[in-house]
2 protein chains.
Amino acid sequence: MKKYFDILKNCILFDGIERDNLENMLGCINGRIEEYSKGEAVMQEGIAVKDIGIVLSGAVQIERTDYYGNRSIITTAEPGEIFAESFACAETKELPFCITAAVKSEIMLIDCKRVIHTCSRSCEFHSSMIYNLMKIIATKNILLNQRTEITSKRTTRDKLMTYLLITAKKNDSDSFSIPYDRQTLADFLGVDRSGLSAEISKLRNEGIIESRKNRFRLL
Amino acid sequence: MKKYFDILKNCILFDGIERDNLENMLGCINGRIEEYSKGEAVMQEGIAVKDIGIVLSGAVQIERTDYYGNRSIITTAEPGEIFAESFACAETKELPFCITAAVKSEIMLIDCKRVIHTCSRSCEFHSSMIYNLMKIIATKNILLNQRTEITSKRTTRDKLMTYLLITAKKNDSDSFSIPYDRQTLADFLGVDRSGLSAEISKLRNEGIIESRKNRFRLL
DNA sequence: ATAAGTCTGTTGAAATTTCAACAAACGGAG
DNA sequence: CTCCGTTTGTTGAAATTTCAACAGACTTAT
């Protein structure tokens, strides 16, 4: 168990909890470690989700199959990252996709109820963990809301401008860098890459923005 | 205070908490009641959000101004509904939009920290409230994820089919009703209403779905 | 039953996006 | 410095969406 402490220490779920207290914590929430071989299902589609997962080693991927039968990877979680937390907290009756081990992996599974309901001992660290979990989910929520605001716009220009405006506000400056290359930005905005490039050029020619590579300035 | 108990009783944040215990609860979390006149800001853009809001009477609306200067209402909250909970839990430093009273309203504001951190008395109801809050935010999260999955598709057909497939799975049946009229569905999917109608007809002609008004069946 | 209003499906034209292909710019590696 | 692989910008054609307008179906109030 001890050999995983360095990884768990970096897991945001345990933010603000000292290493020395981690051991007590883990007893308190009864985390169990499971091993999965490459391709094996960590959580199967259709199950009722009870556990929050933490990747200790390896990686898991969340996969979805669309109505054409195309399977695509929605996200992956690497060591120290948590997954399935929203489904566990929402007490999802049927997981709408499959979570599998991308490679041979060790996963810690924690019963969500043990996290949310403070133990009888009511340890102070438990409270920290609840706070962390709430913050994680709420932050994702805000990010998803922003993305929805962007993608609900109808044109590439509107999507891009909405994104740039949100980013400028976040950076508290008209001039900022973005952490995406063109293709990734296009995927995020839900538009075609070449169309996005064209739109950036157009906005630049119209004197609405300045841009060079992934650095932008709103005028 | 007592006159608001009926409203609070229906607030999902207090699910599973008996009326008799509600009063203790409210002391424990120190909910304060504020009154706002029509149009007055309940939470101003740019502030650091600390409180979760509950509408006791009237209604609040969450408004956003886009880069053209058009102001639009993102959502409204009516009596018994909560708002700003994600921003409070995520400890948002700058609220990205304004929350105003749509009409003369009474609002209960609760310091989020008081909710998340169980009180020294560690009352059992507090634990219920944390559980409820977590479930609310996690559920929204899942819904937003689904919406993102839908709107990230490029064509009206793909968006519609993804939505129908998710709904069918949720209803555990190929045949189901949807809670939207055409315009609302179009807004939700992020597409043009007339184009959506046309696409539904096309799918029907191709024998992929049956549909009558807001009832659908996947074939 | 009528009338007014709303919702839905249809259509064609205009606008926009996607797609494919290519060239220019860029960034290492040798 | 040159070569090679990758990223980005550009372009024109094809596909799709949006827009506006209208007609028919349906609802509700009187």
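Numbers restart at 1 for each chain; the letters A, B, ... are given by sequence-line order, proteins then strands. Predicted model only: the values in this text are computed from it and were never measured.
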Q: If you define the side chain from C-beta out and look only at heavy atoms, does anything of B/N145 sit under 4.5 Å from A/L144?
A: yes
Q: Between the protein and nucleotides 20-23 of chain D, which nitrogen or oxygen pairs come in under 3.5 angstrom?
A:
unit_1	atom_1	unit_2	atom_2	d
D/dA20	N6	B/S194	OG	3.4

Q: Does the side chain of B/R154 get closer than 4.0 angstrom to OP1 or OP2 of C/dT17 through an N or O atom?
A: no
Q: Does the distance from a Lys or Arg side-chain N to an Asp or Glu carboxylate O, for A/D192 and B/R154, drop under 4.0 Å?
A: no
Q: For a quick check of understanding: with a heavy-atom distance under 4.0 Å over all strands, which category does B/T155 fall into, base, sugar-phosphate or nothing?
A: sugar-phosphate
Q: Would you say B/T92's side chain and B/L95's backbone share a donor-acceptor pair under 3.5 angstrom?
A: no
Q: Nearest to the side chain of A/K213 - C/dC26, C/dT8, D/dG9?
A: C/dC26
Q: Whole angstrom is fine here: how far is it from CZ in B/R212 over to P in D/dC26?
A: 8 Å
Q: Considering heavy-atom distances to DNA chain D, does A/G195 or B/G190 have its closest nucleotide positioned more toward the 5' end?
A: A/G195
Q: Considering every strand and a 4.0 Å limit on heavy-atom distances, what is the contact class for B/T156: base, sugar-phosphate, or nothing?
A: sugar-phosphate
Q: Can you measure B/D181 atom CG to C/dG9 atom C1' for me and round it to whole angstrom units?
A: 14 Å
Q: Specify the separation, in whole Å, of atom CG of A/L189 and atom P of C/dT17.
A: 12 Å
Q: Distance-only, no hydrogens or angles: does the A/S57 side chain make a donor-acceptor pair with backbone N or O of A/E106 under 3.5 Å?
A: yes
Q: Whole Å only: how far is the CG atom of B/D158 from the P atom of D/dA15?
A: 16 Å
Q: Enumerate the residues from residues 198-209 of chain B whose closest heavy atom to DNA chain C is under 4.0 Å, giving them by residue number; use none for an empty result.
A: B/S201
Q: Between P on C/dG9 and CG on B/L185, what's the gap in Å once rounded to a whole number?
A: 11 Å
Q: Does the A/R157 side chain pair with the main chain of A/E199, one donor and one acceptor, at a distance under 3.5 Å?
A: no
Q: Hey, is the main chain of A/Y180 close enough, under 3.5 Å, to the side chain of A/N214 for a donor-acceptor pair?
A: no
Q: Taking NZ, NE, NH1 and NH2 as the nitrogens, is one of them in A/E94 or B/K169 under 4.0 Å from a carboxylate oxygen of the other?
A: no
Q: Would you please test A/F14 and A/L26 for side-chain contact (heavy atoms from CB on, under 4.5 Å) and show each step?
A: CA-CA 10 Å; A/F14 301 114; A/L26 291 176; 4.2 Å; yes
Q: Between B/E85 and B/K140, is the closest basic N to carboxylate O distance under 4.0 Å?
A: yes
Q: Closer than 4.0 angstrom, basic N to acidic O: yes or no for A/R19 and A/D6?
A: yes
Q: Please give the angle, rounded to 10 degrees, between the axes at the start and the end of the helix from C/dA1-D/dT30 to C/dG30-D/dC1, where five pairs define each axis.
A: 50°
Q: Would you say B/S105's side chain and B/A59's backbone share a donor-acceptor pair under 3.5 angstrom?
A: yes
